[in-house]
Asks: 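Mind looking over this structure? Questions follow.
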There are 2 protein chains.
Amino acid sequence: VPQIEFWFEFGSNYSYLSVMRIEDAARARGVAIAWKPFLLGPILRALGMETSPFLLQKEKGAYVWQDMERQCRKYGLQWTRPSAFPRLAVLPMRVALLGAERPWIGAFSRKVMELNFALDRDINEPDIIAPVLTALGLAAAEILRESQTDAIKARLRAQTEQARTKGIFGAPTFFVGDAMFWGNDRLDDALLFAAEQKAAGANGEASPPLSR
Amino acid sequence: VPQIEFWFEFGSNYSYLSVMRIEDAARARGVAIAWKPFLLGPILRALGMETSPFLLQKEKGAYVWQDMERQCRKYGLQWTRPSAFPRLAVLPMRVALLGAERPWIGAFSRKVMELNFALDRDINEPDIIAPVLTALGLAAAEILRESQTDAIKARLRAQTEQARTKGIFGAPTFFVGDAMFWGNDRLDDALLFAAEQKAAGANGEASPPLSR
């Protein structure tokens, strides 16, 4: 099965758009998703940015909110501009890392994104995240405890460092093999690329159609 | 007729994608184009950037070239990474300002973009631009002379200042009324917005579907 790596951050508004639609879109293309939660803050700081470029560049920031409103309408998603941006999300990111290969990762991630970008809730609070896990039929207390272990904290730091070495500079970012696609606007291109790569392989061709 | 403002720069690689396809795409939607050449350099400098963000952020820069290769393949456009980037384009920008409301603006702009991004030529040279005008059946010498008058130089500076006051921070940028759309990825959204606004007006509705 062809695969797409999905690098995302719960604090990232454009990650919201991709989290909400990637499972349906990938299923339609027959592509498997490797969920790759990482922390965007350390990546931006390594690039010399103290915070989101949407705050550092006020012109771009002003634009982003009108763009998000239209994009959410286009995709049929609820939208509320968060009262805190970028919102800290280290707690749910750790939970996502814990669940990255479990069947609930998609549903969990969509619910966290809705809490941030539709309901304007503080997603870094255990009291907000626990009910999400419970509603999915999961052992919330146990998962929250495990997500706060040193092992998971270290793994999230390591995955963030891996994002940096792969050349990631924003979220969401997709990889199909070595090919990098940046931004929700490239999700469909990336899925098509993954599907075509597979098809080319099946035909015995050496390279995918888009990398010739 | 609904209208879209198209703010573009011949040195901007993402403007290349939009210049090549906007006339066909706008015609298909029944939308008129107001061509708005402006200089991106002074805009970026006003935002504190000495040059293109694709040079200032090397990770983003590395990505942009693989993205451009795939985008050009998607749109069926030729692509050669320019040996000079960002390429100075003040001469053809002045010609474009002179021709902005003339029927040759689209064909002229496409040819300049091909010279920069498909043929890797120095588009700031009169010897390169004159044959483009001649091939369009125009009086090249006269147009080049007029484009270098103080009046045209001042108009291009004024149009660039207008871009800044409108909140433009990159190219291409589209406006439909007050609604701003940034990047080639938003061209189709912007055209649809323009067409729907017109349709809503025809139905006697007060506001366009996307701005409710």
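The sequence lines fix the lettering, A, B, ..., with proteins before strands; numbering per chain opens at 1.
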Asks: Do B:Tyr63 side-chain atoms and A:Trp182 backbone N/O form a donor-acceptor pair below 3.5 Å?
Replies: yes
Asks: Look at B:Gly48, B:Ala179, B:Gly183, B:Ala62 and state which one has the largest set of heavy-atom pairs under 4.5 Å with chain A.
Replies: B:Ala179
Asks: Please indicate whether B:Gln78 has more than 12 foreign heavy atoms, meaning atoms of other residues, nucleotides or ligands, lying under 6.0 Å from its CD.
Replies: no
Asks: Check whether more than 12 heavy atoms from other residues, nucleotides or ligands sit under 6.0 Å from atom CZ of A:Arg87, and answer yes or no.
Replies: yes
Asks: Tell me whether the count of non-hydrogen atoms from other residues, nucleotides or ligands lying under 6.0 Å of NZ in A:Lys58 goes above 12.
Replies: no
Asks: Rounded to the nearest 0.5 Å, what separation is found between the CG atom of B:Asp67 and the CG atom of A:Asp185?
Replies: 10.0 Å
Asks: Quick test of your reading of the model: are B:Asp189 and A:Lys74 salt-bridged, counting only N-O distances below 4.0 Å?
Replies: yes
Asks: Among B:Gln57, B:Arg186, B:Gln66, B:Glu59, which residue has the highest count of heavy-atom pairs closer than 4.5 Å to chain A?
Replies: B:Arg186
Asks: In Å, rounded to the nearest 0.5 Å, how long is the span from CZ of B:Arg70 to CZ of A:Phe193?
Replies: 6.5 Å
